[in-house]
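Here the structure is a predicted model, which means the values were calculated and not measured. Order of the sequence lines fixes the chain letters, A, B, ..., with proteins taken first and strands second; residue numbering starts at 1 for each chain.
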Amino acid sequence: MRILLATYWLIPHVGGVWKYMTQIKESLEARGHEVDLLGNSPDYSKFHVINRGWEISKDLLRPMLDAKLNANTAPALFSAPLIAHYEMDRYLLELAAAFFGLHQYDIIDTQDIFAARALHRVKPRNKPLIAHVHGSVSGELKRFFQLNPQIGIMENDPPWKYFESIEHYGAMAGTPLITANQWMRNSLMNELQVSNPNIQVIQYGIDAQAFSHKASLGTDLRKPPGKKVIICPARLSFVKGIDILISALGILKNYRNDWVCWIVGAGDKREELENQVRGLSLQEDCLFLGERDDVPALLNLSDIFVHSCIQDNQPFSVMEAQLAGVPVCVSTAGGLPEMVEHGKTGLIHPVKDPFILSEHLRFLLENEPFRRSMSQLTKEWATSHWSMDLMIDRLLEVYRTALNQYH
Amino acid sequence: MSNRFMVASDLYNRIFTVQSSNPEVEVDYVIWNRLFALLPRDYQLPDNTVLSLRPGDPKL
């Protein structure tokens, strides 16, 4: 099969969607299929099929749109700058995708709701479109608007309703629509009234061999003697809830100090989090390692993994920790509870609750036999549950069913 | 000197829901002819379905 994986977002990028796209491409090509990757260029100046070197500059398309679409001819489009911005770029994606020629593909597989709506509008009628939803765009933006009232976008304002609308129609475009968990599926159905009768749940997979190989490359970091390592690899942004972990560590220190915490990642919250660490006198215990490419090796040195986020779908970081056999402590946010069987393959604390999280950390530190047993169980479970082969088998079945329906 | 062949943008008005005349705007013939050959016949800009919000919601 010739398959197009398409996204509205820029490629390449640091993040789960690009990681997912490249892993899918590699796995499908290992089985003899051809896979192209379409997305925005990193500087947003063009759309490109990155693996082919095909590109079209937006400057060749935009003059037409700028001339024909304005506040007189398209008042709804220009009712808010944010709407015009996202819509115009989506129309440029539509034109770019059509220009590259969608007829050459057997399957179109979009990776976000903007791309789903866009390619639905320009694809040949007999071409199957599978739509993946990896997160809720409207959910994340609404949270952003609520946390930043100075932007001035309130509930039921046009931009607020616009993101609900594009997410609804993007989700309706897929036959089928694929989510990684029931949480996202239910969220789309209940909050966005997505009545798509064809929603399938296929959890993500990890290439265990590649992960093992990367872990075997080692790290220049050493485990502090006599200390257990609590690791948190995550982007340092509000939604990742690292402040909750730091609060939990502040509580934990009252009981035990035979641990150190490695916070691995970069982001706009770093200074704030470092201030929080200083405020709790945790400078010797809680270390910011920055962005690193040896996380698999760091996991091998770690005893406990924490993901205390406010919202997340199905983070690769948790999957990798489980594959490495590191007991995970995750919050009840989003799709996380579906990744862990509490007490067996990890521990789940209520979202934004540093007290319960500290209790879980203390329990794991105090009970080494239990921690080791959980480690073994988690690794065995993760090896089969997060199997890349299983995910690809299921994805190919979806592709074949979709092709049969159209022919 | 550019070797692009430029033509009047008005030639491609049919994809716009509300058509306007912009004789001063020229576009690349090769690109837009290819697009017109490959876009669905009923393709329209803007996307009024999305812009009118979900069914049952107040219009913008």
Side-chain angles (χ1 to χ4, degrees), chain A residues 56-57 59-70 72-80 83-84 86-88 90-91 94-103 113-114 117-118 120-125 156-170 172 192-195, chain B:
Chain A
I56 182 163
S57 169
D59 287 344
L60 293 173
L61 303 171
R62 195 181 279 116
M64 176 78 87
L65 300 191
D66 287 344
K68 303 297 179 184
L69 298 174
N70 54 58
N72 290 322
T73 61
L77 179 61
F78 290 92
S79 63
I83 295 175
Y86 276 91
E87 278 293 276
M88 290 292 254
R90 177 169 70 86
Y91 301 157
E94 292 176 2
L95 296 174
F99 181 81
F100 291 135
L102 295 174
H103 57 275
I113 46 92
F114 291 100
R117 178 64 185 173
H120 170 74
R121 285 187 1 113
V122 294
K123 70 175 181 72
R125 275 200 205 290
N156 293 322
D157 280 350
W160 187 284
K161 301 300 286 179
Y162 163 72
F163 288 110
E164 289 179 341
S165 180
I166 182 66
E167 189 143 42
H168 171 89
Y169 285 105
M172 291 297 289
L192 291 169
Q193 287 80 54
V194 170
S195 55
Chain B
M1 190 195 304
S2 168
N3 55 5
R4 289 165 55 197
F5 179 42
M6 307 297 282
V7 296
S9 61
D10 290 352
L11 287 172
Y12 305 102
N13 271 357
R14 79 141 169 88
I15 65 170
F16 297 98
T17 310
V18 175
Q19 298 187 14
S20 61
S21 180
N22 305 88
E24 74 287 4
V25 178
E26 291 191 326
V27 296
D28 189 300
Y29 171 81
V30 171
I31 287 174
W32 281 94
N33 254 38
R34 178 176 165 85
L35 273 170
F36 254 53
L38 294 172
L39 283 169
R41 295 208 67 77
D42 58 353
Y43 179 74
Q44 291 274 278
L45 287 169
D47 183 351
N48 281 324
T49 301
V50 166
L51 290 172
S52 65
L53 308 179
R54 286 171 291 148
D57 277 2
K59 291 194 185 302
L60 280 169

May I ask you to test the [X]-[Y] pair for a side-chain heavy-atom distance under 4.5 Å?
{"X": "B/Leu45", "Y": "A/Glu94", "result": "yes"}
{"X": "A/Thr73", "Y": "B/Phe16", "result": "no"}
{"X": "B/Val50", "Y": "A/His168", "result": "no"}

Taking atom [atom1] of [X] and atom [atom2] of [Y], what is their separation to the nearest 0.5 Å?
{"X": "B/Thr17", "Y": "A/Leu69", "atom1": "OG1", "atom2": "CG", "result": "8.0 Å"}
{"X": "A/Arg121", "Y": "B/Asp42", "atom1": "CZ", "atom2": "CG", "result": "9.0 Å"}
{"X": "B/Trp32", "Y": "A/Leu61", "atom1": "CH2", "atom2": "CG", "result": "6.0 Å"}
{"X": "A/Asp66", "Y": "B/Ser9", "atom1": "CG", "atom2": "OG", "result": "11.0 Å"}
{"X": "A/Met64", "Y": "B/Tyr12", "atom1": "CE", "atom2": "OH", "result": "7.0 Å"}
{"X": "A/Phe99", "Y": "B/Leu39", "atom1": "CZ", "atom2": "CG", "result": "11.5 Å"}

Identify which of B/Asn48, B/Leu38, B/Asp28 forms the greatest number of heavy-atom pairs closer than 4.5 Å to chain A.
-> B/Leu38
Name the region of A/Leu102, side chain, backbone, both or neither, that has any atom closer than 4.5 Å to a heavy atom of chain B.
-> neither
When the 4.5 angstrom heavy-atom criterion is applied to A/Phe78 and chain B, the contacting part is neither
Under 3.5 Å, is there a donor-acceptor pair between the side chain of A/Tyr91 and the main chain of B/Asp47?
-> yes
Taking all non-hydrogen atoms of both residues, which atom of B/Pro46 and which atom of A/Leu77 are closest, and how far apart?
-> CB-CD2, 4.3 Å
Shortest non-hydrogen contact between B/Val25 and A/Pro63, atoms and distance = CG1-O, 4.0 Å
Heavy-atom pairs under 4.5 Å with chain B are the metric here; pick the option from [options] that has the most.
{"options": "A/His103, A/Arg117, A/Glu87", "result": "A/Arg117"}
{"options": "A/Ile166, A/Leu95, A/Asn70", "result": "A/Leu95"}
{"options": "A/Asn156, A/Ile56, A/Leu60", "result": "A/Leu60"}
{"options": "A/Met172, A/Arg90, A/Arg125", "result": "A/Arg90"}

Provide the full list of salt bridge (charged side-chain N to carboxylate O under 4.0 Å, His left out) pairs with a residue in residues 5-18 of chain B, sequence neighbours left out, each pair given once.
-> A/Lys68-B/Asp10
Side chain, backbone, both or neither: which part of B/Gln19 has a non-hydrogen atom closer than 4.5 Å to chain A?
-> neither
